Amino acid sequence: MTTGEKISMLRRRKNITQEQLAELLGVSRQSVSRWEMDQAFPETEKLIRLAGLFYCSIDFLLSDVLDGNRQTGAGLSADDCVAFIRECGYFFLATSVEDRPRLRPFGMICSNGETLFIVTDKRKSVYSDLKRNPKVELSCYNPVTRRWIRISGEVSEDDTCVIRELAQSAYPSLRQKYPEEQEEFLAIHQIHIEDVSVN
């Protein structure tokens with residue numbers, strides 16, 4: 001599947017028109033049409049924005065892979081999980097330290113097409129909790145659809161440049177919150193999914 005075909009597929013999945021996508025990206029409808037017909041190629045900045053808009057990785061947009069979304073136990077891809085959670089606006093992360101559960105509201109989650117990543121700060125207590133016990137569960141509820149999602153697994157820290165770029169593309173405010181001199185405090189954890197359920 002070409003990059004253009006993927007843009008078209010993802011746009012239709014999100015149920016937006018070429019005109020609406022063009023407006024979101026600050027380009028003409030003709031530009032979107034040319035991308036989808038593989039007559040032109042989006043600039044790097046537009047690829048980053050497309051990846052954030054469609055909750056997919058830039059690698060997925062550029063690769064020849066037909067579907068870069070590995071399925072979870074519930075038949076949902078990592079991207080599907082992120083889309084569900086982002087529609088809700090936030091999620092709750094449950095950790096366990098010293099045999100006591102802790103539940104916290106969280107907001108930043110992203111996917112590279114195959115894996116979920118959550119973003120936090122090394123100065124927060126949740127960071128040390130995750131270091132002591134990496135077992136987590138996250139969940140959120142969509143009041144419009146009246147559906148829950150629950151994801152269980154273990155986390156491990158991922159400080160690679162690629163994943164930092166992915167998180168910063170999904171949440172541009174991270175660049176302002178963590179300028180170069182404070183970037184050491186940015187913590188990104190990969191979730192090794194063990195179970196997903198949607199009710």
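All values reported here derive from a predicted model rather than from experimental measurement. In what follows, residues are counted from 1 in the order of the sequence shown.
In the hydrophobic clustering (ILVMFWY side chains linked at under 4.5 Å, chained through shared members), W148 is joined by Y141.
Under the ring pair (Phe, Tyr, Trp, His ring centres under 6.0 Å) criterion, Y127 pairs with H189, not counting sequence neighbours. By the ring pair (Phe, Tyr, Trp, His ring centres under 6.0 Å) test, F106 is found to be paired with F91, residues two or more places apart in sequence or in another chain being considered. Contacts of Q39 classified as side chain to side chain contact (heavy atoms under 4.5 Å, CB included), with partners at least two apart in sequence or in another chain: R34, M37.
With hydrogens and angles ignored, the 3.5 Å screen pairs a side-chain donor or acceptor of D38 with a backbone N or O of G4. Within the 3.5 Å criterion, the main-chain N or O of E165 finds a donor-acceptor partner in the side chain of S169. In this structure a side-chain-to-backbone donor-acceptor pair under 3.5 Å is missing from R164 to I188. Side-chain atoms of R150 do not come within 3.5 Å of backbone N or O of S197 as any donor-acceptor pair.
Among residues at least two apart or in separate chains, there is no ring pair (Phe, Tyr, Trp, His ring centres under 6.0 Å) pair with a member in residues 28-48. Residues in residues 88-110 take part in these side chain to side chain donor-acceptor pair (under 3.5 Å) pairs, two or more places apart or across chains: T95-R104, R102-D129, R104-D129.
Just one residue in the list V126, I109, I151 forms a side chain to side chain contact (heavy atoms under 4.5 Å, CB included) with L93, and that residue is V126.
At a cut-off of 3.5 Å, with distance as the only test, a side-chain donor of S152 or E137 sits close to an acceptor on the other residue.
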